There are 2 protein chains.
Amino acid sequence: MWVQVRKTVSCRACPLAKFNHFRAFSDEELAFVSGFKTGELVADRGTTVLLEGSDSAHLYTVLDGWGFRFKTLNDGRRQILNYLLPGDLVGLQSSLLGEMQHSVETLTPMTLCVFEREKMPVLFEKHASLGFDVTWIAAREERILDEHLLSIGRRSAIERAAYLLAFLYRRAKMLNQLNGQNAIPLTQQHIADTLGLSIVHTNKTLRKLADKKMIAWRDRGCAVLDFDGLSEIAGWTEAPSTNRPFI
Amino acid sequence: MWVQVRKTVSCRACPLAKFNHFRAFSDEELAFVSGFKTGELVADRGTTVLLEGSDSAHLYTVLDGWGFRFKTLNDGRRQILNYLLPGDLVGLQSSLLGEMQHSVETLTPMTLCVFEREKMPVLFEKHASLGFDVTWIAAREERILDEHLLSIGRRSAIERAAYLLAFLYRRAKMLNQLNGQNAIPLTQQHIADTLGLSIVHTNKTLRKLADKKMIAWRDRGCAVLDFDGLSEIAGWTEAPSTNRPFI
DNA sequence: CGCTTAGTTGAGTTCGTTCAACGACTGTGG
DNA sequence: CCACAGTCGTTGAACGAACTCAACTAAGCG
């Protein structure tokens with residue numbers, strides 16, 4: 001289920017560097033980050049990487065694959081909070097605030113870059129620019145959560161679904177994380193738990209989008225056929241963004 | 001509507017320092033923050049402090065009073081994202097990511113501490129501990145948004161209302177921000193826009209809580225009479241927290 | 001005293017839920 | 001190679017939670 005791998009990939013050859021929307025490191029930063037990294041982790045599909053209530057000693061950056069963050073109520077009701085894609089920082093909350101308040105599970109096999117959370121203060125101390133980047137990443141996550149909150153709170157079922165799929169498609173496309181069939185690797189249950197809807201109604205809602213030829217189900221995933229159409233239904237236009245940092 | 005006041009209160013006599021759940025500054029930090037601060041702002045009740053789409057040059061910390069962050073859809077549907085209380089940082093997102101993606105409005109008269117956002121990099125450069133604190137604050141906001149997302153997505157109307165009021169009461173009590181009647185200063189419209197419900201249904205839901213003697217409406221606000229009862233309905237227990245920083 | 005704001009309540013409608021069943025596909029063990 | 005269980009998507013029917021529309025009360029204020 002879990003495989004811990006030794007430092008196989010040097011930070012110099014970080015797979016994220018090839019995406020030009022990430023900001024580049026200076027040589028100095030690269031040297032520090034290389035030391036900050038303690039290894040890599042490879043997780044199968046369906047693995048619980050972090051568990052609510054636990055107190056992980058690690059901090060991760062996703063290098064490849066899909067995952068999601070979620071919380072559950074006592075009786076099992078689940079809410080997916082956000083999805084994880086390459087470049088996303090995992091476990092920052094618990095690194096700073098203590099025990100995890102949400103869980104993390106993978107949707108595909110995932111490769112993670114592992115850092116020791118004890119070294120965080122050193123990062124801020126010695127490399128202010130990287131500390132700034134961590135804050136930037138946290139602020140970005142906050143902004144995404146704001147959008148999701150607006151969506152769940154105020155959009156209708158079909159608008160929510162359209163927003164979510166447009167949002168995920170955009171991110172995934174940019175990071176080359178669509179599967180062989182050009183699809184987003186999740187089930188209708190995941191979508192239901194993200195939108196705050198029942199699985200039956202989610203199915204009927206997605207059917208409407210499929211009937212409009214905006215999406216299609218293929219190969220364990222959802223293919224987006226009409227990004228503009230979805231954006232229009234959702235009334236959504238993406239916020240402008242500058243080059244994003246990663247650690 | 002707006003009043004810009006010169007630096008009337010020295011950081012040495014910061015009104016937030018009296019709350020012992022905030023972490024104390026070192027002398028060195030205090031000196032820097034004093035320079036970072038450019039003044040104070042006093043806003044009336046109902047003032048729009050920051051507007052979605054704008055690009056403010058400032059960053060604020062709430063010193064006194066209540067406010068809220070919100071987003072709206074094109075047709076006017078409004079979603080309240082979170083509430084602002086003393087110690088909260090306002091405008092961090094736009095400081096780092098560019099233009100504001102949400103608005104901020106006051107619920108009571110509010111005093112804000114004003115910083116120049118251009119100086120943020122200097123803060124990270126010269127005072128790593130403060131940079132770390134900013135990240136901490138961002139991570140805390142993220143955690144709160146996670147909770148709200150769970151609530152709106154998966155709790156029933158009465159559970160949502162109970163959660164929100166318990167949550168706000170807890171925060172307000174700790175910061176001594178309940179009004180004369182011991183009430184939270186908001187209207188049912190605010191609650192509706194936070195819970196993602198219509199105002200009519202919000203009213204009927206709050207009525208049920210009032211009938212159970214858990215809350216009461218007084219003096220333009222909602223008084224919490226039975227915190228434990230609300231927590232139980234919501235199935236909510238607060239996450240443990242350490243001393244929190246502020247800037 | 002009329003005007004506005006905020007909370008309350010009833011009636012009818014709509015959106016989303018629950019229950020239940022079924023088909024397509026995948027993987028597994030006899 | 002087939003039987004079987006498990007997962008995932010699909011659909012219909014009945015129900016219920018939340019919505020809209022509409023009207024009314026109480027309090028605050030010029």
Side-chain angles (χ1 to χ4, degrees), chain A residues 44-46 73 75-79 105 107-108 151-162 164-165 179-181 183-212 214-223 233, chain B residues 44-46 73 75-80 105 107-108 151-162 164-165 179-181 183-212 215-223 233:
Chain A
D44 284 341
R45 180 166 78 91
L73 293 173
D75 61 5
R77 282 175 284 179
R78 179 175 77 167
Q79 177 64 39
E105 195 178 311
L107 284 168
T108 65
S151 202
I152 298 194
R154 287 300 179 206
R155 278 197 252 250
S156 68
I158 198 162
E159 290 169 342
R160 279 184 230 184
L164 177 67
L165 293 171
N179 70 20
Q181 303 287 317
I184 301 166
L186 35 63
T187 66
Q188 299 194 348
Q189 184 67 66
H190 292 117
I191 296 183
D193 287 349
T194 310
L195 303 182
L197 298 171
S198 72
I199 176 121
V200 174
H201 196 245
T202 298
N203 176 278
K204 287 169 182 169
T205 303
L206 292 171
R207 192 97 284 284
K208 286 180 193 164
L209 292 177
D211 289 345
K212 287 180 203 280
M214 290 182 171
I215 61 170
W217 287 93
R218 295 181 186 155
D219 187 25
R220 291 175 169 279
C222 179
I233 288 181
Chain B
D44 284 342
R45 180 167 79 90
L73 292 174
D75 62 6
R77 282 175 283 179
R78 179 175 77 166
Q79 178 63 40
I80 294 182
E105 195 178 311
L107 284 169
T108 65
S151 202
I152 297 194
R154 287 302 179 204
R155 279 196 251 251
S156 69
I158 198 164
E159 290 168 342
R160 279 184 231 184
L164 177 66
L165 294 170
N179 69 20
Q181 302 287 318
I184 300 166
L186 35 64
T187 67
Q188 298 194 350
Q189 184 67 67
H190 292 116
I191 297 184
D193 287 348
T194 311
L195 303 182
L197 298 171
S198 72
I199 179 132
V200 174
H201 196 245
T202 298
N203 176 278
K204 288 170 182 169
T205 303
L206 292 171
R207 192 96 286 283
K208 287 180 193 166
L209 292 177
D211 288 345
K212 288 180 204 278
I215 62 171
W217 287 93
R218 293 180 188 157
D219 187 25
R220 293 178 168 276
C222 179
I233 287 181

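Within every chain, numbering begins at 1; the chains are lettered A, B, ... in the order of the sequence lines, protein sequences first and strands thereafter. For clarity, every value in this text was computed on a predicted model and none was experimentally measured. Atoms considered below: every heavy atom in the structure, side chains included; atoms not considered: hydrogens, waters and symmetry mates.
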K.L.:
Just how far, in rounded Å, is P of D/dG12 from NZ of A/K204?
P.N.:
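Value for this atom pair: 8 Å.
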
K.L.:
Do you know the tightest heavy-atom contact between B/A183 and B/R218?
P.N.:
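Between these two residues, the closest heavy atoms are CB-O, 4.1 Å.
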
K.L.:
May I ask you to verify if any side-chain N or O of B/Q188 is less than 4.0 angstrom from the OP1 or OP2 atom of C/dT8?
P.N.:
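Result: yes.
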
K.L.:
What is the distance from CZ of B/R218 to C1' of C/dG7, rounded to the nearest Å?
P.N.:
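Rounding to the nearest Å, CZ of B/R218 and C1' of C/dG7 are 16 Å apart.
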
K.L.:
Closest approach to the side chain of A/V200, judged atom by atom: which nucleotide of C/dA6, D/dC21, D/dG12 is it?
P.N.:
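Closest nucleotide to the A/V200 side chain: D/dG12.
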
K.L.:
Only one of B/N203, B/T202, B/D193 forms a side-chain hydrogen bond (donor to acceptor under 3.5 Å, both in side chains) with B/Q188, so which one is it?
P.N.:
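Of the listed options, the one satisfying the test is B/N203.
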
K.L.:
Counting side-chain heavy atoms from CB outward, which of D/dC19, C/dG16, D/dG9 is closest to A/S156?
P.N.:
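The closest nucleotide is C/dG16.
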
K.L.:
Tell me the interatomic distance from A/R155, atom CZ, to D/dA18, atom P, rounded to whole angstroms.
P.N.:
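Rounded to whole Å, this separation is 21 Å.
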
K.L.:
Write down the atom of B/Q181, the atom of B/A223, and the distance for their closest heavy-atom approach.
P.N.:
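So the two residues come closest at O-CB, 4.2 Å.
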
K.L.:
Hey, is the side chain of B/R207 poking within less than 4.0 Å of OP1 or OP2 on C/dT9, counting only N and O atoms?
P.N.:
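For C/dT9, OP1 or OP2 has a side-chain N or O of B/R207 closer than 4.0 Å.
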
K.L.:
Separation of B/E159 atom CD from D/dA18 atom P, in whole Å?
P.N.:
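Interatomic distance, CD of B/E159 to P of D/dA18: 10 Å.
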
K.L.:
If you compare every side-chain N and O of A/N203 against the phosphate oxygens of D/dT10 (OP1, OP2), does one of them come in below 4.0 Å?
P.N.:
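True: A/N203 side-chain N/O within range (under 4.0 Å) of D/dT10 OP1/OP2.
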
K.L.:
To the nearest angstrom, how far is A/D219 atom CG from D/dT7 atom C1'?
P.N.:
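About 15 Å, once rounded to whole Å.
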
K.L.:
Would you indicate what B/G196 reaches in the nucleic acid, counting non-hydrogen atoms under 4.0 angstrom: base, sugar-phosphate, or nothing?
P.N.:
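The answer is sugar-phosphate, as B/G196 gets under 4.0 Å only of primed atoms, P, OP1 or OP2.
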
K.L.:
Between A/I199 and B/S198, which residue's closest nucleotide on DNA chain D lies nearer the 5′ terminus?
P.N.:
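The residue closer to the strand's 5' end, by nearest nucleotide, is A/I199.
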
K.L.:
Determine whether more than 12 heavy atoms belonging to other residues, nucleotides or ligands lie under 6.0 Å from atom CZ of A/R220.
P.N.:
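No - once you tally the heavy atoms of other residues, nucleotides and ligands closer than 6.0 Å, there are 12 at most.
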
K.L.:
What is the distance, to the nearest angstrom, from the NE2 atom on A/H201 to the C1' atom on D/dA13?
P.N.:
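Rounded to the whole Å, the gap is 15 Å.
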
K.L.:
Output the rounded distance in Å from NE2 (B/H190) to C1' (C/dG7).
P.N.:
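These atoms are roughly 14 Å apart.
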
K.L.:
Relative to the 5' end of DNA chain C, which residue comes earlier, A/A157 or B/L186, by the nucleotide with the nearest heavy atom?
P.N.:
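Closer to the 5' end of DNA chain C: B/L186.
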
K.L.:
Remember a base hit wins even if backbone is also touched, and classify B/L197 as base, sugar-phosphate or nothing at under 4.0 Å, heavy atoms.
P.N.:
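Touches sugar-phosphate only.
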
K.L.:
I want to check something: taking the side chain as every heavy atom from C-beta on, are A/L165 and A/I191 in contact at a cut-off of under 4.5 Å?
P.N.:
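Heavy-atom side-chain distance check passes, below 4.5 Å.
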
K.L.:
Measure the distance from CG on B/L206 to C1' on C/dA6 and round it to the nearest whole Å.
P.N.:
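So the CG-C1' distance, B/L206 to C/dA6, works out to 13 Å.
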
